[in-house]
Amino acid sequence: MWWMMNETGGNYSSKKSDDLCSNLCGQESSQVLGMSRISCILRGLDVKTCIFMFAIIPMCTLGIYIHGQKISYFLRPLWEKPPKLFNVIPHYYQENISMENLCKLHGWGVREYPRRVYDAVLFSNEIEILTVRWKELYPYITEFVLLESNSTFSGLSKPLVFNSNRAQFKFVEQRLTYGTIGGRFKKGENPFIEEAYQRVALDQLLKIAGITDDDLLIMSDVDEIPSAHTVNLLRWCDEVPSVLHLQLKNYLYSFEFLLDEKSWRASVHRYQSGKTRYAHYRQSNDMLADSGWHCSFCFRRISDFIFKMKAYSHNDRVRFSHYLSPERIQKVICKGADLFDMMPEEYTFKEIIGKMGPIPRSYSAVHLPAFILENADKYKFLLPGNCMRER
């Protein structure tokens with residue numbers, strides 16, 4: 001009985017005991033005053049368990065924090081299917097072939113006179129690449145339409161860069177419709193909302209510019225440059241698809257690093273009042289092959305790289321402050337690596353693995369925008385072998 005046990009000096013207690021602590025530490029736990037429950041438990045853990053708790057788990061947590069984005073992109077094929085394939089239209093061109101024959105080769109008729117063409121862009125700070133774009137397209141554009149905001153897509157305040165440098169673009173002044181729009185500066189908002197807001201405003205600016213039904217409208221970012229002969233072909237040929245995406249050669253930092261030929265967001269539309277809306281997503285299944293160049297992050301100055309990294313819609317990719325280090329950015333450019341230390345954005349493991357690592361250098365400067373080669377001294381930073389940038 002319990003009273004008999006007390007009389008005989010037994011160890012029984014009516015209070016509940018901590019089985020874990022008792023099992024691990026025995027009587028010592030009751031004899032060593034001041035020993036905390038945690039200390040008692042830790043004394044019972046073996047070395048392997050301690051290593052797992054205090055070394056392996058923290059290291060794995062840190063690894064996921066640093067490389068979680070890479071892991072997510074690498075596993076993309078498991079949770080996202082590839083988009084539907086485009087109907088790629090073969091592109092025929094040779095400067096000595098007549099326009100009638102070129103249109104016929106594409107299965108299109110030829111018009112008695114060319115359509116008018118409007119080139120509309122949202123502008124941030126890409127002065128050099130805008131110059132290259134407009135020089136390339138100038139012979140065939142009826143009206144250049146440019147909208148500039150005092151806000152980046154990510155909600156940062158910015159100067160009106162084009163307005164400050166407008167004197168450099170006198171060659172298009174007679175054919176330029178320029179507009180500005182105030183940013184909304186909503187902190188924490190998804191950058192794509194501000195981008196969509198500005199694209200809606202560009203629709204209104206196009207109406208002011210005088211676009212009418214059946215005119216051609218080029219929808220693309222400043223650095224997505226259709227080739228001049230592509231635009232000339234589309235304005236002369238009849239029966240061209242009403243919405244046609246352009247397959248562009250995809251370059252990074254300069255024309256030294258050819259990433260792939262998968263840039264497709266640029267498009268040309270036969271304008272329809274009340275229906276055509278300026279956008280930068282897939283709007284058709286038809287795509288014309290080899291139609292120009294996409295030169296992303298093709299800046300002269302490191303400061304412009306930093307500005308864009310913080311300003312554009314994917315600014316969440318700047319996960320660590322050292323990504324913005326000028327020294328790091330310069331090394332990344334010359335290596336042909338990724339500014340954000342990301343995995344390739346592909347949909348199959350084969351393509352992801354095939355694109356891992358730096359982009360192979362290209363030593364070809366053939367079939368580039370003519371203006372770059374005509375002004376090679378000024379634009380050498382865009383040509384192979386010239387990766388060093390100004391600060």
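All heavy atoms count here, side chains included; hydrogens, waters and symmetry mates do not. What you see is a predicted model, and the numbers here were worked out from it, not measured in a lab.
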Task: Distance flag, aromatic centroids of H269 and H245, threshold under 6.0 Å - done: no
Open item on the list: For F144 together with Y118, are the ring centres under 6.0 Å from each other?
Closed with: no
Can you tell me if [atom1] on [X] sees more than 12 non-hydrogen neighbours from other groups inside 6.0 Å?
X	atom1	result
Q174	CD	no
E100	CD	no
K378	NZ	no

TODO: Establish, for the pair R235 and Y140, whether the NZ or CZ atom is under 6.0 angstrom from the six-membered ring centre and no further than 45 degrees off its axis.
DONE: no
TODO: May I ask you to establish whether K158 and F307 are in a cation-pi arrangement, using a distance under 6.0 Å from NZ or CZ to the six-membered ring centre and at most 45° from the ring axis?
DONE: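 Output no; distance or angle outside limits.
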TODO: Give a yes or no on whether a salt bridge exists between R115 and D238, defined as a side-chain N under 4.0 angstrom from a carboxylate O.
DONE: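 Answer for the salt bridge query: yes.
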Fit a plane to each ring of [X] and [Y], take the angle between them on a 0 to 90° scale, and name the class: parallel (under 30°), tilted (30 to 60°) or perpendicular (over 60°).
X	Y	answer
F257	Y253	perpendicular
F299	F297	perpendicular
F162	Y178	tilted
F169	W134	perpendicular

Sidechain-backbone polar pair: [X] side chain, [Y] backbone, donor-acceptor under 3.5 Å:
X	Y	answer
Y278	A120	yes
Y323	I329	no
E148	L146	no
T142	V117	yes

TODO: Test E256 against every option in R361, K335, K380 by the salt bridge (Lys or Arg N to Asp or Glu O under 4.0 Å) rule and name the one that passes.
DONE: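 It is R361, the one option of R361, K335, K380 that forms the salt bridge (Lys or Arg N to Asp or Glu O under 4.0 Å) with E256.
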Task: Name of the residue among R199, K308, R133 meeting salt bridge (Lys or Arg N to Asp or Glu O under 4.0 Å) with D221 - done: R199
Open item on the list: salt bridge (charged side-chain N to carboxylate O under 4.0 Å, His left out), that's the test. Do R116 and E143 meet it? Break it down for me.
Closed with: CA-CA 8 Å; R116 301 195 307 168; E143 191 76 9; over 6 Å; no
Task: Donor-acceptor pair between R270 and T276 side chains, under 3.5 angstrom - done: no
Task: For E346 against K355, the heavy-atom pair lying closest together - done: OE2-NZ, 2.6 Å
